[in-house]
Amino acid sequence: MENKTFNITLKCFFCECDLKGDTEKKYESGDMLKCQECGELNDYDSLVELAVEEGKASAVHYAKDEISKAFKGLFKK
């Protein structure tokens, strides 16, 4: 079975642009991330919570697709 990697991009809550920043910096609970496009501050905790939910949804969608493919192959005789 192959390992599947999911990439989730953090998006600004205000303008929905991808947030870009220093990938080496470690962010912590309570930090505010400034959007480079609109200048609004985004709550780190809320961004992480949304990213986790998106990741779960992507994993469920992927699993359902893989199960569907597996069952299609079983009944094609």
Side-chain angles (χ1 to χ4, degrees):
M1 180 174 215
E2 83 179 69
N3 289 329
K4 179 69 174 169
T5 302
F6 298 97
N7 293 314
I8 305 296
T9 304
L10 299 180
K11 295 190 180 296
C12 175
F13 287 121
F14 302 94
C15 70
E16 297 186 13
C17 289
D18 291 350
L19 292 173
K20 300 173 187 85
D22 184 357
T23 57
E24 299 298 316
K25 183 177 178 183
K26 300 292 181 195
Y27 295 99
E28 297 178 1
S29 178
D31 285 348
M32 300 297 282
L33 284 72
K34 186 174 183 178
C35 177
Q36 296 77 19
E37 297 294 322
C38 70
E40 292 288 343
L41 294 175
N42 292 268
D43 175 58
Y44 173 77
D45 296 318
S46 298
L47 289 168
V48 169
E49 187 177 308
L50 183 61
V52 167
E53 291 304 316
E54 282 187 45
K56 287 178 184 178
S58 294
V60 167
H61 179 72
Y62 174 77
K64 286 181 179 178
D65 284 349
E66 290 299 307
I67 290 168
S68 177
K69 288 179 197 174
F71 279 123
K72 282 182 185 177
L74 288 175
F75 299 111
K76 283 189 171 184
K77 289 187 179 189

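Just so we're clear, the structure is a prediction, and the values are computed from it rather than from any experiment.
Summarising the geometry, atom NZ belonging to K25 is positioned 6.0 Å from atom CG belonging to D31; distances are rounded to the nearest 0.5 Å. For the atom pair CD (E53) and CD1 (I8), the distance works out to 11.0 Å, reported to the nearest 0.5 Å. Rounding to the nearest 0.5 Å places CD of E37 at 5.0 Å from NZ of K20. Once rounded to the nearest 0.5 Å, the distance linking OH of Y62 with OG1 of T5 reads 9.5 Å. Atoms NZ and CD, on K64 and E66 in that order, are 14.0 Å from each other to the nearest 0.5 Å.
Nearest heavy-atom pair, F13 versus D43, reported as atom, atom and distance to 0.1 Å: CE1-O, 4.2 Å.
In this structure, the side chain of S58 engages the main chain of E54 through a donor-acceptor pair within 3.5 Å.
Placement of F14 and L41 in two distinct hydrophobic clusters is found when ILVMFWY residues are connected by side-chain heavy-atom separations under 4.5 Å, directly or transitively. With hydrophobic clusters built from ILVMFWY side chains whose heavy atoms lie under 4.5 angstrom apart, F6 does not share a cluster with L19.
Surrounding CD of E40 are more than 12 heavy atoms belonging to other residues, nucleotides or ligands, all under 6.0 Å away.
The side-chain contact (heavy atoms from CB on, under 4.5 Å) test with L10 singles out one residue from L47, V48, N42, L50, and that residue is L47.
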